[in-house]
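Please read these numbers as outputs of a predicted model, since none were measured by experiment. Just so it is clear: chains get the letters A, B, ... in the order the sequence lines come, proteins before strands, and each one is counted from 1. All values below come from the heavy atoms of this structure, side chains included, with hydrogens, waters and symmetry mates left out.
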Number of protein chains: 2
Amino acid sequence: MSNVQSLERALTLLNIMSDYPDGIQISRLAEKAGLSKSTIHRLLGTLLNMKYVTQDPKTEKYRLGYQVLYLSRNITANNGLISAARPFLEALCEDINETIHLCVEDNAEVVYIDKIESSQTIRMYSRIGSRNPMYCTGVGKILLSGMDEDEFKQATASIDFVKRTAKTIDSLEELKKEIDLVKQQNYALDNIENEEGIRCIAAPIRDFSGRIVASFSVSGPVHRITMERIHDELIRKMRETSKNISRQLGCQI
Amino acid sequence: MSNVQSLERALTLLNIMSDYPDGIQISRLAEKAGLSKSTIHRLLGTLLNMKYVTQDPKTEKYRLGYQVLYLSRNITANNGLISAARPFLEALCEDINETIHLCVEDNAEVVYIDKIESSQTIRMYSRIGSRNPMYCTGVGKILLSGMDEDEFKQATASIDFVKRTAKTIDSLEELKKEIDLVKQQNYALDNIENEEGIRCIAAPIRDFSGRIVASFSVSGPVHRITMERIHDELIRKMRETSKNISRQLGCQI
DNA sequence: AAACAATGTTCCACGATACGGAACAAAATA
DNA sequence: TATTTTGTTCCGTATCGTGGAACATTGTTT
């Protein structure tokens, strides 16, 4: 049940390195990872040979290698989705000028698989590939609302409800109620439930069979994403975009 | 000097999995990798825990996980090359208003590491991190032209020449001739050799030692990228930009 | 339905292999 | 020049990864 030690360590090194796009030296890596230099050195040797890491020819620091890009090129299970959705999300972004995220579910979490940035100076911090719980995000609620009973049970079985803000949902009963609401209105809010000062509205993306396969969201600071704006403008535009992308995927609704 | 066994094996599994975007089961992996099922199972366990791999909830097949996306996000972000080249490429794009790509070689393929989009409505489809063969692209020819004999041999040893269009180069002899030409003129064309209706011109980027470390290209539909325009305008402007970026990297030429 | 095949998972004893301290080399800093 | 920091190599040890075997589960064939 425990991890393969050397592998876990090496992957941790990759994770760390991804935070240092300009490279990082062995000693720092040793500190960060809490490992001896010789261990790091050995693991880096293999990572270098396998092209998962490169050594900057000038600074001699270690950086992630292009093999990682090579891998990511074929996470195409959702690549079709991403390229289908992008033009619509870009149009929406241009229209409302707020950050937009595209998400899918993975292991009962929300994963951000694409992102369109607004030109606003105050931007969301987020990162493609990063994760969030489902119970406190609009995109998560949407994905939950598309699940059948079994899937829902599994996805919510081991939730550790943490009150991230005053408004965070913190019980299963409450969550179930909320999801019922989401099913009715066909959009979901994260009304300052995940991060202080951030409000967010999300809508579903359905495939040919009508199943919800992804969700997208508009998020931003509460003073820009007001409840008025949501009702006057955003709900309508989200529905529009939701319908357009879903149609692109063959959804007949 | 030898690799950490378990790590090398696990990375090989990732490489294999990247060829199966819809997932692959343990037994197939065992075949492909020449390892026992139990070993694969154990390694996959750690890869799953670290989110480098996911298991498709329906088919139970294993696919690359989103952690790989997370990693790849920042590879391109601050590559010194990219940030050095970007302002020049942006200026060039603004000037000629066509899509521009920045590429490096990796594993005998061209990898697109940056892209500047024109405001034209008819755009190239491409994606950062995607790959193309070297023999049928302008950027590839440039990178080949910068290789010494050994490197060239290795990069061209296992080319599978596919006639993507009527004009695609489809033999090693022809390719060698073409590369000799490229060396002389210091730019390369993809004259509708990769994709129907698309023409492209590429130029090298050299580092402090004069070595070609990257290439960039202007591509677009043949009716905009005409041979006249190439000779009257583009060759000159590409040379200019090539020189400027290379100087930025310390190249003295 | 029964027999069979293929696949995924768990267990375990063995020994190969990954481990980290130490010692060394090289470079940066004082 | 002395001193600290960083990268690399070496090696004895015990830990950790290994693959076979046995079991469980599912799908296929007769």
Integer-rounded Å distance: D:dT6 P and A:K32 NZ
14 Å

How many whole angstroms separate atom CZ of B:R42 from atom C1' of D:dT15?
14 Å

Provide, to the nearest angstrom, the distance between the CG atom belonging to B:L35 and the P atom belonging to D:dG17.
15 Å

side-chain N/O A:H41 vs D:dG7 OP1/OP2, d < 4.0 Å
no

Is the shortest side-chain heavy-atom distance between A:R164 and A:P133 below 4.5 Å?
yes

Between the two ends of the helix from C:dA1-D:dT30 to C:dA30-D:dT1, what is the bend in degrees, rounded to 10 degrees, where each end axis spans five pairs?
40°

At a cut-off of 3.5 Å, list every protein nitrogen or oxygen paired with a nitrogen or oxygen from nucleotides 21-25 of chain C, distance to 0.1 Å.
unit_1, atom_1, unit_2, atom_2, d
C:dG21, O6, A:S38, OG, 3.4

Return the set of residues passing side chain to side chain contact (heavy atoms under 4.5 Å, CB included) with B:D160 (not counting sequence neighbours), or none when no residue passes.
B:V162

How about A:Q154: does its CD atom have over 12 heavy atoms from other parts shown lying under 6.0 Å from it?
no

Do A:N15 and B:Y70 pair up side chain to side chain, a donor and an acceptor below 3.5 Å, judged on atom types alone?
no

Using a 3.5 Å cut-off and no angle test, enumerate the donor-acceptor pairs between side-chain atoms of residues 27-34 of chain A and protein atoms at least two apart in sequence or in another chain.
unit_1, atom_1, unit_2, atom_2, d
A:K32, NZ, A:Y20, OH, 3.2

Across the strands shown, which category fits B:R28 at heavy-atom distances under 4.0 angstrom: base, sugar-phosphate, nothing?
nothing

Per atom distances to the B:Y62 side chain, the nearest of C:dT9, C:dC19, D:dT6 is C:dT9

First of A:I26 and A:S6 reached from the 5' end of DNA chain D, by closest nucleotide:
A:I26

Can you measure A:I24 atom CD1 to D:dT6 atom C1' for me and round it to whole angstrom units?
13 Å

Using heavy atoms to find the nearest nucleotide of DNA chain C for B:E60 and A:T39 separately, return the residue whose nucleotide is more 5′.
B:E60

Between atom CG in A:N3 and atom C1' in D:dT15, what is the gap in whole Å?
16 Å

Would you please test B:E109 and A:K51 for salt bridge (charged side-chain N to carboxylate O under 4.0 Å, His left out) and show each step?
CA-CA 14 Å; B:E109 286 182 304; A:K51 312 243 169 127; over 6 Å; no

Side chain of B:R9 only, please: which of D:dT6, D:dT18, D:dG17 is the nearest?
D:dT18

For B:L43 and C:dA18, give me the distance from atom CG to atom P, rounded to whole Å.
11 Å

Nearest to side-chain heavy atoms of B:Q25, which nucleotide of D:dT6, D:dT18, C:dG8
C:dG8

Rounded interatomic separation in angstrom, taking CD from B:E31 and P from C:dG8
10 Å

Expressed in angstrom and rounded to an integer, what is the separation of B:L7 atom CG from D:dG17 atom P?
11 Å

Is there a side-chain contact between B:L172 and B:Y135 (heavy atoms, below 4.5 Å)?
no

Quick one, A:L144 and A:L175 - any side-chain contact, counting heavy atoms below 4.5 Å?
yes

Is A:M17 close to A:L44 at the side-chain level, that is, under 4.5 Å between some pair of heavy atoms?
yes

Polar pairs (N or O, both sides) under 3.5 Å between protein and nucleotides 23-29 of chain D?
none

Heavy atoms, side chains only, cut-off 4.5 Å: are B:V53 and B:L14 in contact?
yes

B:Q25 side chain near B:E60 side chain, heavy-atom distance below 4.5 Å
no

A:Q5 side-chain proximity, nearest of D:dG17, D:dG7, C:dG20:
D:dG17

Tell me, please, which residues at least two apart from B:S36 pass side chain to side chain donor-acceptor pair (under 3.5 Å).
B:S38, B:T39

